[in-house]
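Contents: one structure, followed by commentary.
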Amino acid sequence: MTTPTGVSIVDIVDRLGMTFLSGGDTVDDARTVSRVTLHEGSGVTQDSAGAVVLGAGLAGSADIATAVKEYGSAGAVALIVREPLAVDESVARAVAEADIALLGMVKDASWLQSASLINEILESGNNGDRTSAADADLFDLANSIAQVLNGPVTIENQSSRILAFSADQAFGDEARKQSVLGHQVPQHYSDRLRSMGYFNKIYGSTLPVFLPGIGPGIRPRVGMRIHAASQILGSIWVILDEEPNELQVKTLVEAAGVAAMSLLRAKLAADSARRLRLGEVITLLSGGTSAKEAAERLGYGRSKANVLAAGFRSGAGASLEAEADVDQLALTLNTYLHQVFPLSVAAAIGGTVYAVIPHTRHQTDDDYVRRIASEFADRSRSEKSVVIGIGATVADVMTLEKSRDEADRALRVLRSTWNSSGRTVARADDVQINSLLLRLSDALADEDETASGPLAVLREYDRTHDINLVDTLRAWLDTFGDIPAAASLVHIHVNTFRYRLKKLAGIAGIDLDDPETRFSLMLQLRLFYPTAL
């Protein structure tokens, strides 16, 4: 019998440990895990051979026992359900008979976190450079530091994402436990460290920096930068009630050097994988023969496919932080889609994340893709709202540029101020009118066309009198003349709104009872002042 060269469920349990998973004490399955999939309802076990199944929605011993039998028969390696594990005699018997591991996921974690973490292990473990070994080295390093300094340890990148942690996190404070559970330091904690200047102190020092007080309920800790040459790669954090002694300082300095080598290797591997995905996505979106060849390399030939265009509602910005946010969105979307569409690929191009989804599964259609996109947008934990435009399904990847164009147009509307409904996912057909108006607005701007008539009069009056009559008019039109609703929209008293409405009608000579006048004004507002309000 040959030993699998990939990642086994034992490897996954070892990496995530008791901090994220429970029930792995007796797991000794050496089978290779091929992917992560979501439980989609009773009897749905297709394509689950070699998979780790996330049992979202499974509750109670009867449901769990049934799922264990079905997925065990289909060849799945493990089933993960949310704690507390309902393991009665029927479940225990099913597990023994089905040759499948049953694991519990801590209640504070999300299914998206589970999928992302496991997929990261699978992707790194299947790379020829054994990035997973480098990751394991970081966990070993964290445990070694914890033994010498006698305090829980995390190793983090520059974005405060947890790369590795020691096994003693139960002795950490609440801030640390939240960080490890989410594999990310919560934003309000990192913002506090930044505002207090601690990151600058740590990154600017060659020695560990002791932080005696960060905030209520947060224990003192030591921060040590990880750097190579002039490049800051991350930091090591140890919860420690007293300043480190000479031996502990030496240990942290040496550990930072070891961590730097691992992080550099991981960074090179990640950059290589990202470049590969980017190249494939660019080739696919270009259409034609090159797209056909790329699809054949990826394993789905000339199958039907469509394009998703994802981004943040507020747009991407040009800062390094904004670029990092988009890169993280690309990684998360790529991981999430792989659960359902294993042959899909996603990458960031500019400020937009594009994903190509091949329709290789029997249930894949436009409605199914829309549901998966909506679930991703809803589950996104980012403080920035994620919006996704969906392109039409094309019969051949050689014409994917058509689907990309539609996805881009839908995304633009979702990002615009015209998305008054706050929707997060749309096809181009859903937002056709707004998309046409945006394109017409662009054309008018290119020709230096400006608003004239009553709207121009109101705009000039607003400019010289520091009042918002244009916004008043827009609110009244958008609410179909409902004055209380319109007043609420512009945050003024109803009587004040009535006064302004009467005032603007007199200043600009507007007959608000005339339907043609109302239509003209609404169209002008959309075309010339789309960002008002």
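The ring-ring contact (aromatic ring centres under 6.0 Å, His included) test applied to Tyr189 returns no partner, not counting sequence neighbours. The salt bridge (charged side-chain N to carboxylate O under 4.0 Å, His left out) check on Lys402 picks up Glu406, with sequence neighbours excluded. Under the side chain to side chain contact (heavy atoms under 4.5 Å, CB included) criterion, Ala348 pairs with Val326, Asp327, Ala330, Val353, sequence neighbours left out. Applying the side chain to side chain donor-acceptor pair (under 3.5 Å) rule to Ser235 yields the partners Trp237; only residues at least two apart in sequence or on another chain are considered. Qualifying side chain to side chain contact (heavy atoms under 4.5 Å, CB included) partners for Ala407, counting only residues two or more places apart in sequence or in other chains: Val307, Ala309. Ser159 is linked by a side chain to side chain donor-acceptor pair (under 3.5 Å) to nothing, counting only residues two or more places apart in sequence or in another chain. A search for side chain to side chain donor-acceptor pair (under 3.5 Å) contacts involving Arg297 returns Glu280, not counting sequence neighbours. For Asp396, the salt bridge (charged side-chain N to carboxylate O under 4.0 Å, His left out) partners two or more places apart in sequence, or in a different chain, are Arg302. Looking at residues two or more places apart in sequence or on another chain, you find a side chain to side chain donor-acceptor pair (under 3.5 Å) between Asp430 and Arg370. In terms of the salt bridge (charged side-chain N to carboxylate O under 4.0 Å, His left out) criterion, residue partners of Lys292 (sequence neighbours excluded) are, by chain and number, Glu296. Glu174 is linked by a salt bridge (charged side-chain N to carboxylate O under 4.0 Å, His left out) to nothing, counting only residues two or more places apart in sequence or in another chain.
Side-chain atoms of His39 do not come within 3.5 Å of backbone N or O of Leu58 as any donor-acceptor pair. Not one N or O on the side chain of Ser160 forms a donor-acceptor pair closer than 3.5 Å with the backbone of Asn157. The closest donor-acceptor contact from the side chain of Arg415 to the backbone of Phe312 lies under 3.5 Å.
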Which pairs of donor and acceptor atoms, one on a side chain in residues 147-154, lie under 3.5 Å apart (sequence neighbours left out)?
residue: Thr154; atom: OG1; partner: Glu156; partner atom: OE2; Å: 2.9

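Expressed to the nearest 0.5 Å, how far CG of Asn306 lies from CG of Leu400 amounts to 8.5 Å. A distance of 7.5 Å separates CZ of Arg35 from OG of Ser48, quoted to the nearest 0.5 Å. Atom CD1 of residue Ile155 and atom OG of residue Ser262 lie 8.0 Å apart, to the nearest 0.5 angstrom. Annotation: the span from Ile80 atom CD1 to Leu103 atom CG amounts to 5.5 Å, rounded to 0.5 Å.
The two residues His183 and Arg161 make their nearest non-hydrogen contact at O-CG, 3.3 Å. Here the closest heavy-atom approach between residue Leu343 and residue Leu298 is recorded as CD2-O, 3.5 Å. For Pro358 against Ser344, the heavy-atom pair with the smallest separation is CD-CA, 3.8 Å.
Separation of the His359 and Tyr368 ring centroids does not fall under the 6.0 Å cut-off.
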Show your working on side chain to side chain contact (heavy atoms under 4.5 Å, CB included) between Thr32 and Val7 and close with a plain yes or no. CA-CA 5 Å; Thr32 299; Val7 175; 5.7 Å; no
Can you check side chain to side chain contact (heavy atoms under 4.5 Å, CB included) on Phe376 and Ile388, steps first, answer last? CA-CA 9 Å; Phe376 176 79; Ile388 303 175; 3.9 Å; yes
Please test Thr332 against Asn334 for side chain to side chain contact (heavy atoms under 4.5 Å, CB included), starting from the C-alpha separation and ending with a verdict. CA-CA 5 Å; Thr332 306; Asn334 191 69; over 6 Å; no
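The local environment of NZ in Lys304 is sparse, with at most 12 non-hydrogen atoms from other residues, nucleotides or ligands closer than 6.0 Å.
Salt-bridge check for Asp367 with Arg371: failed, with every basic side-chain N at 4.0 Å or more from each acidic carboxylate O.
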